[in-house]
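To start, the structure itself, in structure tokens.
Atom set for the values below is all heavy atoms of this structure, side chains included, hydrogens, waters and symmetry mates excluded.
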Amino acid sequence: MDLDRFTDLIDAFGADIEHWPARERAAADRLLAASPEARALQRSALRFDNQLLGAALPEIEPSDALRARIFAQVAGLPAASASTTPLWRVQVAEALALLFPAGRAIPQLAALALALFIGIGAGMSNFSLVDTQEAELVAVQLASTVPLLYEE
């Protein structure tokens with residue numbers, strides 16, 4: 001770290017190195033150990049920081065005109081109405097808005113439903129193609145994977 005970078009960091013984060021980014025602290029400590037200019041700069045910045053911390057903030061009261069403008073803007077806002085929509089519907093609507101950000105959920109939901117019905121139809125049609133020998137083989141395979149709970 002050079003003295004220019006050290007100055008930039010003091011200007012940005014103050015004289016207390018603990019407030020600096022973690023990746024800059026070790027280099028700043030090495031520079032402070034090696035450079036009397038850096039130590040003098042930090043002492044000067046510490047005095048300035050202490051002056052800022054000790055200074056009292058001025059009492060600022062908004063003018064009557066500012067207050068009137070603020071109240072006029074608030075009065076022009078629409079009144080908050082109590083929602084009669086059940087919470088679960090609001091949550092479902094928010095979830096759909098996240099899934100379909102373009103707002104065109106109907107075509108996408110229709111495509112999803114079509115794919116679901118095609119999958120169910122294809123699965124149901126395969127049941128009729130299984131003959132009894134294959135069904136018995138599947139039953140034997142399933143039975144062999146289940147451990148016996150008791151013996152006769």
Side-chain angles (χ1 to χ4, degrees), residues 1-127 129-130 138-139 141-149:
M1 176 180 292
D2 61 354
L3 199 56
D4 289 334
R5 177 69 178 152
F6 187 78
T7 304
D8 291 341
L9 289 170
I10 280 183
D11 290 342
F13 299 105
D16 187 4
I17 295 179
E18 293 301 316
H19 296 150
W20 292 17
R23 65 179 181 273
E24 303 283 355
R25 292 179 192 160
D29 286 334
R30 288 192 299 272
L31 182 65
L32 283 169
S35 170
E37 294 90 7
R39 288 190 297 272
L41 185 62
Q42 186 186 33
R43 281 192 302 273
S44 173
L46 276 171
R47 283 192 302 274
F48 181 70
D49 286 352
N50 288 334
Q51 286 176 349
L52 285 177
L53 290 174
L57 294 176
E59 294 291 328
I60 300 175
E61 285 293 321
S63 67
D64 290 335
L66 177 60
R67 286 182 190 198
R69 283 198 332 248
I70 291 172
F71 286 133
Q73 288 177 352
V74 170
L77 294 175
S81 62
S83 177
T84 58
T85 307
L87 181 61
W88 68 271
R89 284 190 179 178
V90 172
Q91 291 172 340
V92 168
E94 289 174 356
L96 286 175
L98 288 174
L99 288 173
F100 308 111
R104 298 184 340 241
I106 299 299
Q108 294 165 344
L109 287 175
L112 181 65
L114 179 64
L116 178 68
F117 287 129
I118 289 173
I120 290 173
M124 298 286 284
S125 68
N126 285 338
F127 284 125
L129 298 178
V130 176
V138 169
Q141 289 174 344
L142 286 175
S144 66
T145 60
V146 177
L148 295 175
L149 298 178

For I17 and L9: C-alpha separation, side-chain torsions, deciding distance, then whether side-chain contact (heavy atoms from CB on, under 4.5 Å) applies.
CA-CA 9 Å; I17 295 179; L9 289 170; over 6 Å; no
Donor-acceptor list for residues 51-75 side chains, cut-off 3.5 Å, not counting sequence neighbours:
| from | atom 1 | to | atom 2 | distance (Å) |
| --- | --- | --- | --- | --- |
| E61 | OE1 | R67 | NH2 | 3.1 |
| S63 | OG | L66 | N | 3.2 |

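- Atom CE in M1 sits 9.0 Å away from atom CG in L32 (nearest 0.5 Å).
- Using a 4.5 Å heavy-atom cutoff, the side chains of F13 and P21 are in contact.
- In this structure, T7 contributes its side chain and L3 its backbone to a donor-acceptor pair below 3.5 Å.
- Listed by first and then second residue, the salt bridge (charged side-chain N to carboxylate O under 4.0 Å, His left out) pairs involving residues 10-21 amount to none (not counting sequence neighbours).
- For the pair L31 and A38, the tightest heavy-atom approach, listed with the atom from each and the gap, is CG-CB, 3.9 Å.
- Shortest non-hydrogen contact noted between F6 and A28 is CE1-CB, 4.1 Å.
- Scored by the side-chain contact (heavy atoms from CB on, under 4.5 Å) test, A45 finds I10, A15 as partners (sequence neighbours excluded).
- Put simply, the side chain of I120 reaches to within 4.5 Å of the side chain of L116, judged on heavy atoms.
- Within the structure, salt bridge (charged side-chain N to carboxylate O under 4.0 Å, His left out) pairs that include any residue of residues 22-35 comprise R5-E24 (at least two apart or interchain).
- Applying the salt bridge (Lys or Arg N to Asp or Glu O under 4.0 Å) test to E37 and every residue at least two apart in sequence or in another chain returns nothing.
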Under 3.5 Å, which donor-acceptor pairs link side chains of residues 88-99 to any protein atom two or more places apart or in another chain?
none

